[in-house]
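What you see below is based on every heavy atom in this structure, not just the backbone, and it leaves out hydrogens, waters and symmetry mates.
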Amino acid sequence: MKRAVVIGANGQIGRPVVDALVRDGWEVTAATRGGGRSAAWDEGVRAVPLDRADDDALGAVVGDGCDLVVDLVGYDAVHARQLTALAGRIGSAVVISTVAVYADDAGRGFDTMDELDGCPDFPVPIPETQATVRPGDATYATRKSALEHELLTNEAGLPVTVLRPGAVHGPHSRLPRELYFVKRNLDGRRTRVLAFRGGTRFHTASAYNVAELVRLAAARPGTRVLNACDPQAPTAEEIGAAIDSVMGVKTETAPFDGPPHEGSVGLNPWAGPRPVVCDMAAAERELGYHPVVSYEESLPETVEWLTAELRAGDWDERFPLLARAYPELFNYAAEDALLGARQT
């Protein structure tokens, strides 16, 4: 039986990746910081603790050798070199990167979003051949770019598939964008104010679709870069409407042109003046990829999980990463003031 090691196995993408590989006949070692296991995993899955910063610990998990390493938490050039150093004991690797590595033809990317005229103007859709930001260690995007560069140019001969997901969604997320509409509905908000008229598209990526790409790449080792997104890229307004449908809620949209008002009104985790839509043709051509779930089909499980999390505690305590990224996400007072001004 083929043996796979999944690093970061208990996370949002890791759980469905483990399940997908098990169903495909792999013997899976699930490595996590604490060594815990998901109750949903097949009993044959071996759960082990792993401190990713410890080279010896990673080598011990790989052992005498494995056919595949799936790295879901690789972050920079150091992590890349950890993998390539084990090339003699690894058949191939699949590593998760991000669409945040892309840069437009003027050199603008996700890191320049807050600068004057800094919003990137990407082609629609973005092919994998689009330019990327310069590798470095300054930001999330530059570190992921460095990770990619080290892996794709490795001289050890390790075959590596790099996957670039967009706005990942599904249960067990540390940054669940869908919380925005779920919490508003639970709070009784029946009018949603959306910047850029709710037309922003930031290509979504179901954790299940990413897991399917991992499964396919594992069966066809090679060195390649592929976008990893859903079949369609819904707008912010369409996402809100789809969540309303799942929750049985009717909500009106109050769209307005331009960016969020006073910094928070109309703000949402997909807001932006220009679309980020990825080309999925290469994944279909190279791996025979077909999405296993649409955005709408994936939502009931996500909504149920988020609703349970909100019952368990305040949103900023349950999701501190989201709260740090969007501290004013639920500034209802400012929103009500704007809506009141519109009605007078």
Side-chain angles (χ1 to χ4, degrees), residues 11-17 72-73 96-102 109-111 113-114 119-120 122-126 128 130 132 139-141 144 162-184 192 194-196 198-214 226-243 246 260 266-280 283 289 291-303 305-306 315 319 321-326 329:
Q12 179 185 24
I13 298 175
R15 295 174 188 230
V17 163
L72 304 170
V73 297
I96 299 297
S97 183
T98 171
V99 298
V101 299
Y102 285 123
F110 282 69
D111 290 336
M113 287 276 195
D114 295 331
C119 183
F122 294 122
V124 178
I126 305 169
E128 289 85 351
Q130 179 66 26
T132 57
T139 69
Y140 174 74
K144 280 288 194 178
V162 172
L163 298 179
R164 294 172 177 163
V168 180
H169 59 96
H172 309 291
S173 171
R174 296 176 63 226
L175 203 157
R177 294 172 178 86
E178 284 70 19
L179 180 82
Y180 175 69
F181 290 119
V182 172
K183 177 171 166 50
R184 289 180 64 88
R192 52 174 175 253
L194 296 177
F196 306 110
T200 299
R201 289 192 294 163
F202 180 13
H203 209 151
T204 56
S206 166
Y208 292 106
N209 287 333
V210 178
E212 173 66 2
L213 279 161
V214 171
L226 296 173
N227 290 327
C229 294
D230 291 337
Q232 288 86 36
T235 66
E237 183 173 17
E238 289 169 343
I239 289 171
I243 291 173
V246 171
L267 176 68
N268 63 78
W270 302 270
R274 293 172 177 152
V276 178
V277 179
C278 293
D279 190 343
M280 292 303 299
Y289 167 67
V292 296
V293 68
S294 70
Y295 184 80
E296 291 79 8
E297 290 168 342
S298 74
L299 276 177
E301 183 183 21
T302 301
V303 170
W305 175 72
L306 286 172
W315 78 277
F319 303 107
L321 183 62
L322 185 71
R324 287 197 298 272
Y326 302 100
L329 196 58

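- Side chain of K144 to backbone of I96: a donor-acceptor contact under 3.5 angstrom is found.
- Residues passing the side-chain hydrogen bond (donor to acceptor under 3.5 Å, both in side chains) test with Q232: none are found, sequence neighbours excluded.
- Of the possible polar contacts, none joining the H203 side chain to the G166 backbone as a donor-acceptor pair under 3.5 Å is found.
- Considering every non-hydrogen atom in both A283 and L213, the closest pair reads CB-CD2, 3.8 Å.
- Proximity of V99 to F202: side-chain heavy atoms (C-beta onward) are separated by under 4.5 Å at one or more points.
- Separation of atoms CZ (R15) and CD1 (I13) is listed at 13.0 Å; rounding is to 0.5 Å.
- For the side-chain hydrogen bond (donor to acceptor under 3.5 Å, both in side chains) test, no residue two or more places apart in sequence or in another chain qualifies with D279.
- Side-chain N or O atoms of S298 include one that pairs as donor or acceptor with a backbone N or O of Y295 at under 3.5 Å.
- Partners of D230 according to the side-chain hydrogen bond (donor to acceptor under 3.5 Å, both in side chains) rule, which considers only residues two or more places apart in sequence or in another chain, are H169, T204, N209.
- S294 pairs by the side-chain hydrogen bond (donor to acceptor under 3.5 Å, both in side chains) definition with E297, not counting sequence neighbours.
- When atom types are taken as modelled, the side chain of T200 and the backbone of G272 share a donor-acceptor pair closer than 3.5 angstrom.
- The side-chain heavy atoms of T98 and F110, taken from C-beta on, include no pair separated by under 4.5 Å.
- Taking the six-membered ring where the residue is Trp, W305 and H172 present tilted rings, their angle falling between 30° and 60°.
- Here the CG-CG distance, from N268 to L329, works out to 8.0 Å after rounding to the nearest 0.5 Å.
- The shortest non-hydrogen separation linking A242 to E296 is CB-CG, 4.2 Å.
- Proximity of P120 to M113: side-chain heavy atoms (C-beta onward) are separated by under 4.5 Å at one or more points.
- For the salt bridge (Lys or Arg N to Asp or Glu O under 4.0 Å) test, residues two or more places apart in sequence or in another chain that qualify with R184 are E335.
- Note that CD1 of I239 is 4.5 Å distant from CH2 of W270, once rounded to the nearest 0.5 Å.
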Begin with the C-alpha distance, continue with both residues' side-chain angles, and end with the deciding distance and a verdict on side chain to side chain contact (heavy atoms under 4.5 Å, CB included) for E178 and V303.
CA-CA 8 Å; E178 284 70 19; V303 170; over 6 Å; no
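- Summarising the geometry, atom SG belonging to C229 is positioned 11.0 Å from atom CZ belonging to R164; distances are rounded to the nearest 0.5 Å.
- Between Y102 and F122, the angle of the ring planes goes over 60°, which puts this pair in the perpendicular group of the 30/60° scheme.
- Annotation for V210 and A228: closest pair CG2-O, 4.1 Å, computed over non-hydrogen atoms.
- For an aromatic pair to be called close, the ring centres must be under 6.0 Å apart, and W315 with Y326 fails this.
- Remark: E238 pairs with no residue by the salt bridge (Lys or Arg N to Asp or Glu O under 4.0 Å) rule, at least two apart or across chains.
- Of all heavy-atom pairs spanning P275 and V124, the tightest one is CG-CG2, 3.7 Å.
- By the 4.5 Å heavy-atom criterion applied to side chains, L306 and F181 are not counted as neighbours.
- Separation of atoms CZ (F196) and CZ (R274) is listed at 10.0 Å; rounding is to 0.5 Å.
- Between A195 and P260, the shortest heavy-atom distance links the atoms CB-N, 3.6 Å.
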Evaluate side chain to side chain contact (heavy atoms under 4.5 Å, CB included) for Y289 paired with L226, printing each intermediate quantity in order.
CA-CA 11 Å; Y289 167 67; L226 296 173; over 6 Å; no
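- Rounded to the nearest 0.5 Å, atoms CG (L175) and CZ (R324) are 9.5 Å apart.
- N227 approaches M280 most closely through the heavy-atom pair O-CE, 3.2 Å.
- Here the side chain of Q12 pairs a donor or acceptor atom with the backbone of G170 at under 3.5 angstrom.
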